[in-house]
Number of protein chains: 2
Amino acid sequence: MAQVKPMRADARRNYERLLKAAAEAFAEHGENASLDDIAKRAGVGSGTLYRHFPTRQALLEATYVDRIEALGERADEIAKELSPGEALVEWLYEVCVRTTEVRGLKSLLGSAVTDGSRVELTACATHMKAAAERLVGAAQEEGTLRRDVEPIDVLRLAHGVATASELAKGGGSHVRRYLSLLTEGLRPG
Amino acid sequence: MAQVKPMRADARRNYERLLKAAAEAFAEHGENASLDDIAKRAGVGSGTLYRHFPTRQALLEATYVDRIEALGERADEIAKELSPGEALVEWLYEVCVRTTEVRGLKSLLGSAVTDGSRVELTACATHMKAAAERLVGAAQEEGTLRRDVEPIDVLRLAHGVATASELAKGGGSHVRRYLSLLTEGLRPG
DNA sequence: AGTTAAACGGAGACAGTCCCCGCTTTTCTT
DNA sequence: AAGAAAAGCGGGGACTGTCTCCGTTTAACT
């Protein structure tokens, strides 16, 4: 699975430049930033971009793997500090916040939890699912999470909460509230 | 607000043709169906399409107002048959199902509950909010819905549930489940 | 230095959006 | 009924974005 042959020097250089340009462009214009423009920013031809990243999704993934990995690590940090139930909620909160804050991350996380997505098991999907499994399993052990939900359900619902929050003007400020409505339920407590 | 002058005969004819073509195209290709193609199907020039419907959103709205109105009426029908709490849930279920079933409806319903949307208070937004207000109010009276949620919150969360369901392959079959996770909460009952 | 294979780049085919403005159709007037 | 004014039509074309193809360049290895 790993790079069998080392990349040629110019290829490696262009790859990195493209990632940098992509991060800028996605941050500036959202997930639909023009790909040709990204190539231009990076100072390479568009052919080079498409050779390295055959689809927008591939570029998005490469651009944000580190963020996704960071989320995976956060899961474990949080798990050390809080009880399993609290840890799950707090992690989901962070996932939602990133989803709404980091432009372009949303579609990536979305396709990571989509059934039958073209892209077979991307690195991002794997990371997220693994982290969710750990937290969900622990919370169920503890008895603070229903046993009839799967990790993937939780991830999808978190994505839904992020989407709902985004619909409000100050998206971020609604995340906590909407997430707690999900965890506590809409019935009066 | 109503049409001050009656439309010219040809204008009216083209308007209707466009709506019919749009319904077909959106059903076939989703909300991003080509507008020029819709004009072609309708047998009119693209200028005519853009004159009647300045934005994709406007066309989407005109295409689906009747569906939205139907949802508004369903709210009242359901309210007659079930207790307030059950009625709200059942209505939300139908909203979610339509959202996932009718291609193109999603982005319309989404922008209807978006804060600070360009389009000031569209007919769709008004209908949905009014229906939600009735059901939410009744359920809160009855005591089966938290008092700290607004109708708009409920609509947004329903949109989130629809989004989450869509991420699963057989979108429709997950709606009931995800909606009940929202109403009951993720904690064990 | 020479050879080779990998990588480059940007022109260009294609598709979609949307506007502009000369032309046609309808409607109004007398 | 005929002519004028108003309303509406439509499609050409500018523009933007995607993505591929293939002649040219360049790194890597002798």
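Side chains are part of it too, since the values below use all heavy atoms of this structure and drop only hydrogens, waters and symmetry mates. By convention in this document, chain letters (A, B, ...) are assigned in the order of the sequence lines, proteins followed by strands, and residues within each chain are numbered from 1.
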Novice: Should the pair Arg146(B)-Asp153(B) be classified as a salt bridge under the 4.0 Å nitrogen-to-oxygen rule?
Specialist: no
Novice: Partners of Glu94(B) by salt bridge (charged side-chain N to carboxylate O under 4.0 Å, His left out), sequence neighbours excluded?
Specialist: Arg74(B)
Novice: On the nucleotide dA7(C), are OP1 or OP2 found under 4.0 Å from the side-chain N or O atoms that His52(A) carries?
Specialist: no
Novice: Side-chain N or O of Asn14(B) less than 4.0 angstrom from OP1 or OP2 on dG8(D)?
Specialist: no
Novice: Can you name the salt bridge (charged side-chain N to carboxylate O under 4.0 Å, His left out) partners of Asp76(A), sequence neighbours left out?
Specialist: Arg134(A)
Novice: Which letters describe nucleotides 21-30 of chain C, given B = protein heavy atom under 4.0 Å from base, S = only from sugar-phosphate, - = neither?
Specialist: ----BSS---
Novice: Where along residues 28-50 of chain B does a heavy atom come under 4.0 Å from DNA chain D, residue by residue in number order?
Specialist: Val44(B), Gly45(B), Ser46(B), Gly47(B), Thr48(B)
Novice: Only pairs under 3.5 Å count here: list side-chain donor-acceptor contacts from residues 24-31 of chain A, not counting sequence neighbours, and write none if there are none.
Specialist:
| from | atom 1 | to | atom 2 | distance (Å) |
| --- | --- | --- | --- | --- |
| Glu24(A) | OE1 | Arg41(A) | NH1 | 3.2 |
| Glu28(A) | OE2 | Arg41(A) | NH2 | 3.4 |
| Glu31(A) | OE1 | Ser107(A) | OG | 2.9 |

Novice: Using residues 14-21 of chain A as the side-chain source, report each donor-acceptor pair under 3.5 Å to any protein atom, sequence neighbours left out, with the distance given to one decimal.
Specialist:
| from | atom 1 | to | atom 2 | distance (Å) |
| --- | --- | --- | --- | --- |
| Asn14(A) | ND2 | Asp10(A) | O | 3.3 |

Novice: Only pairs at least two apart or in different chains count here, so list each salt bridge (Lys or Arg N to Asp or Glu O under 4.0 Å) that has a residue in residues 179-189 of chain A.
Specialist: Glu184(A)-Arg187(B), Arg187(A)-Glu184(B)
Novice: Could you note down all residue pairs passing side chain to side chain donor-acceptor pair (under 3.5 Å) where residues 157-168 of chain A supplies at least one of them, sequence neighbours left out?
Specialist: Lys106(A)-Thr163(A), Lys106(A)-Glu166(A)
Novice: Rounding to an integer number of Å, can you tell me how far Phe53(A) CZ sits from dT20(D) C1'?
Specialist: 18 Å
Novice: Measure the distance from CZ on Arg56(B) to P on dC19(C) and round it to the nearest whole Å.
Specialist: 14 Å
Novice: Among all residues two or more places apart in sequence or in another chain, which pass the ring-ring contact (aromatic ring centres under 6.0 Å, His included) test with Tyr178(B)?
Specialist: His174(B)
Novice: Can you tell me the distance, in whole Å, between the CG atom of Leu59(B) and the P atom of dT17(C)?
Specialist: 11 Å
